[in-house]
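Below is one structure; the comments refer to it alone.
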Amino acid sequence: MNKELIHQFESLPTPFYFYDMDFLTKTLDAAKGEAEKYGFHLHYAVKANFNAPILNLIADKGFGADCVSGREVEVAVENGFKPSEVVFAGVGKSDSEINSALDLNIFCFNCESIMEIEVINELAKAKGKTAQIALRINPNVNANTHKYITTGLSENKFGINMWELDDVLSTLQKSENIELIGLHFHIGSQITDLTSFKNLTSKINKIQEWFYSRQIIVKVINAGGGLGIDYHNPNGQIPDFAEYFRIFNEFLELRSGQEVHFELGRSLVGQCGSLISRVLYIKNGLKKNFAILDAGMTELIRPMLYNAHHEIENLSSTSGERIKYDIVGPICESTDCFAKDLELSETKRGDLFQIKSAGGYGEVMASDYNLKTLHPAQYSK
Ligand code: LLP
């Protein structure tokens, strides 16, 4: 981070999130450029970060939105996404959420159960509308990622299982206010082993065969999101969009007129955001030294919830003796720890810390626990 920016941060109350909008622009351009080579459609997974400046920029770049609640749909549209490019996923859509999405004429509901299809049909009928839907099918592909963010296995609650598809088709035949336009898949998040996506394409090919043999060709194949980022090398790192899209282009067997859609979250916004925090106290124990920050699990819960690694830098003190610290927050929970035995230059009260790769699933997962104050986010020009 440049000195001028650090100097600017010194006068601000902490903790707050900082977003490098230049870097976000570069990441979005890279993703868009690679996807456009194959005519792929990109939706941004709003759940990763819904701050208005971020949504505005992503919408301006021509992305659609992927939403998982009625509020996300509304906020996406308020911030510039076209309803005709909004997909709405989630295992538990409420009637009022479905109704407001119907009123907005969104592009597609990604449906996760037979009962959900029946409810959307009824609600669309009451409005005299036809709802476009995609079936979220559970492909039973292992994403080799953290078990809490794996979604595509048959033991997960997500999606419709293959053995239910006959019943789904008979439900669809009875549902006059539903139009099946797509098949949707999402196998998990923070996937860095790209062979998982290759495995997904072969599952999609098989599932397409099943539909094809029943004379069904859908227009949209939505391959979800999940492309991971490198939490160990955050600086200037743009995910390998070229290889990711190449895999889908090479291995997906498409029928004529079919479109491929993606729902990327973390890979777009993850590396542009950091949590900026101050050292409140240093505590030298018998066995450990603790650097106690003013940010904790209430601002960034990923390390505590998933044991996730985030690179941490002391922005104020970069020289001097190297000392190991446990970097902890102020919350009354022993799990409130960002890193253990991290070697840093000697750290003092008041030093500014940057916790990196926090643009995705960082600020959105902050909570009011302990009624701590998270200060307004800062954005680079
Ligand atoms: N589509 C669906 C249906 C999803 O469930 C998700 C994320 C995405 C797209 C976007 O996935 P991405 O490209 O961001 O991996 N809080 C966790 C991540 C949960 C992700 C849930 N689903 C974390 O902090 O790692």
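Along the sequence shown, residues carry numbers from 1. No experiment lies behind these values; they were computed from the predicted model shown. Order of appearance sets the numbers: ligands from 1, and atoms from 1 within every ligand.
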Which ligand 1 atoms, with their elements, are less than 4.0 angstrom from a heavy-atom of Arg136? 3 (C)
Using a 4.0 Å cutoff against the non-hydrogen atoms of Leu264, which atoms of ligand 1 qualify? 13 (O)
Determine, using ring centers only, whether Phe107 and His261 are less than 6.0 Å apart. yes
Would you mind running through ligand 1 and noting each atom that sits below 4.0 Å from a heavy atom of Ala45? 10 (C)
Test: Glu72 and Lys47 ion pair at under 4.0 Å: no
Plane angle bin for His310 and Tyr231 - parallel if under 30°, tilted between 30 and 60°, otherwise perpendicular: perpendicular
Can you confirm if the NZ or CZ of Lys93 lies within 45° of the ring axis of Phe88 and under 6.0 Å from the centre of its six-membered ring? yes
Report yes if Ser267 has an N/O atom closer than 3.5 Å to an N/O atom of ligand 1; otherwise report no. no
Within ligand 1, which atoms have a heavy atom of Gly265 less than 4.0 Å away? 12 (P), 13 (O), 14 (O)
Show which atoms of ligand 1 fall inside a sub-4.0 Å distance from at least one heavy-atom site of Asp66. 1 (N), 9 (C)
For ligand 1, which atoms, with element, lie under 4.0 Å from some heavy atom of Arg266? 12 (P), 13 (O), 14 (O), 18 (C), 23 (C), 25 (O)
Show me which atoms of ligand 1 lie under 4.0 Å from any heavy atom of Glu263. 1 (N), 2 (C), 3 (C), 9 (C), 10 (C), 13 (O)
When you check the side-chain N and O atoms of Asn51 and Tyr17, is any donor under 3.5 Å from an acceptor? no
Please check if the distance between the ring centroids of Phe18 and Phe9 is under 6.0 Å. yes
May I ask whether Ala48 places a heavy atom under 4.0 Å from ligand 1? no
Contacting atoms of ligand 1, where contact means under 4.0 angstrom from a heavy atom of Gly226: 11 (O), 12 (P), 13 (O), 15 (O)
Ionic contact status for Glu122 with Lys125, cut-off 4.0 Å: no
